[in-house]
Amino acid sequence: QVRLVESGGGLVQAGGSLRLSCAASGNIVSIPAMGWYRQAPGKQRELVAAITREYTNYTDSVKGRFTISRDNAKNTVYLQMTSLKPADTAVYYCKTTAQSVQIMGVSIADYWGQGTQVTVSS
């Protein structure tokens with residue numbers, strides 16, 4: 001099993017910055033991809049940013065303001081958020097696609113963090 005622990009959410013004024021972290025632990029063999037999603041009240045969960053060993057991808061509304069990065073040695077993904085807007089207010093979730101050692105051998109699966117609230121005031 002793989003466990004994700006998120007941190008870094010909070011309340012910030014418009015124009016401010018926050019940095020989210022998500023650390024994966026468990027019997028991990030490799031992590032092909034990590035990403036951040038968000039869900040605002042009354043809206044569907046959406047992809048914010050994703051990162052593999054080869055590329056990064058961002059949703060259009062955060063391009064130029066958010067930066068995703070990863071520390072492979074620590075199995076940790078970060079989301080640096082700058083120039084925050086009230087529209088960025090949401091619960092942010094970390095998602096990891098990980099290979100891990102299970103009872104029956106190595107398997108690959110998606111894992112989700114518990115979510116962290118980001119609130120941007122105007």
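- Atom CZ of F66 is separated from atom OG1 of T56 by 14.5 Å, given to the nearest 0.5 angstrom.
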Practice task
Given side chain to side chain donor-acceptor pair (under 3.5 Å), test N27 with S100 step by step and report yes or no.
Solution key: CA-CA 5 Å; N27 296 325; S100 62; over 6 Å; no
Practice task
Kindly determine whether Q13 and V120 satisfy side-chain contact (heavy atoms from CB on, under 4.5 Å), including the steps that lead there.
Solution key: CA-CA 5 Å; Q13 289 187 332; V120 184; over 6 Å; no
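- Hydrophobic clustering places V77 together with L18 (ILVMFWY residues linked when any side-chain heavy atoms are closer than 4.5 Å, directly or through intermediates).
- Put simply, the side chain of T97 reaches to within 4.5 Å of the side chain of I108, judged on heavy atoms.
- Classification of the Y93-W112 ring pair by plane angle, with boundaries at 30° and 60°, yields perpendicular.
- For the side-chain contact (heavy atoms from CB on, under 4.5 Å) with R38, the qualifying choice from L79, V62, V118 is V62, the only one to do so.
- For N57, there are no side-chain hydrogen bond (donor to acceptor under 3.5 Å, both in side chains) partners two or more places apart in sequence or in a different chain.
- With hydrogens and angles ignored, the 3.5 Å screen pairs a side-chain donor or acceptor of Y58 with a backbone N or O of I68.
- Across every non-hydrogen atom of V91 and G115, the tightest pair is CG1-CA, 3.9 Å.
- The shortest distance between side-chain heavy atoms of C94 and Y111 does not fall below 4.5 Å.
- From N72, atom CG reaches atom CE of M34 across 8.5 Å, with rounding to the nearest 0.5 Å.
- With T82 contributing its side chain and S17 its backbone, the two residues share no donor-acceptor pair below 3.5 Å.
- Separation of atoms OG (S21) and CG (L4) is listed at 12.5 Å; rounding is to 0.5 Å.
- Counting only residues at least two apart or in different chains, salt bridge (Lys or Arg N to Asp or Glu O under 4.0 Å) contacts with residues 63-80 comprise D60-K63, R65-D88.
- Counting only distance, with no hydrogens or angles, the side chain of T96 and the backbone of A98 share no donor-acceptor pair below 3.5 Å.
- Side-chain contact between L20 and Y78 is absent, with no heavy-atom pair separated by less than 4.5 Å.
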Exercise for the section: Apply the test side-chain contact (heavy atoms from CB on, under 4.5 Å) to residues Y92 and M81: give CA-CA distance (whole Å), side-chain angles for both, the deciding distance (0.1 Å), then the verdict. Expected result: CA-CA 12 Å; Y92 284 69; M81 304 184 292; 4.0 Å; yes
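- Proximity of a side-chain donor or acceptor of E6 to a complementary backbone N or O of T116 within less than 3.5 Å is detected.
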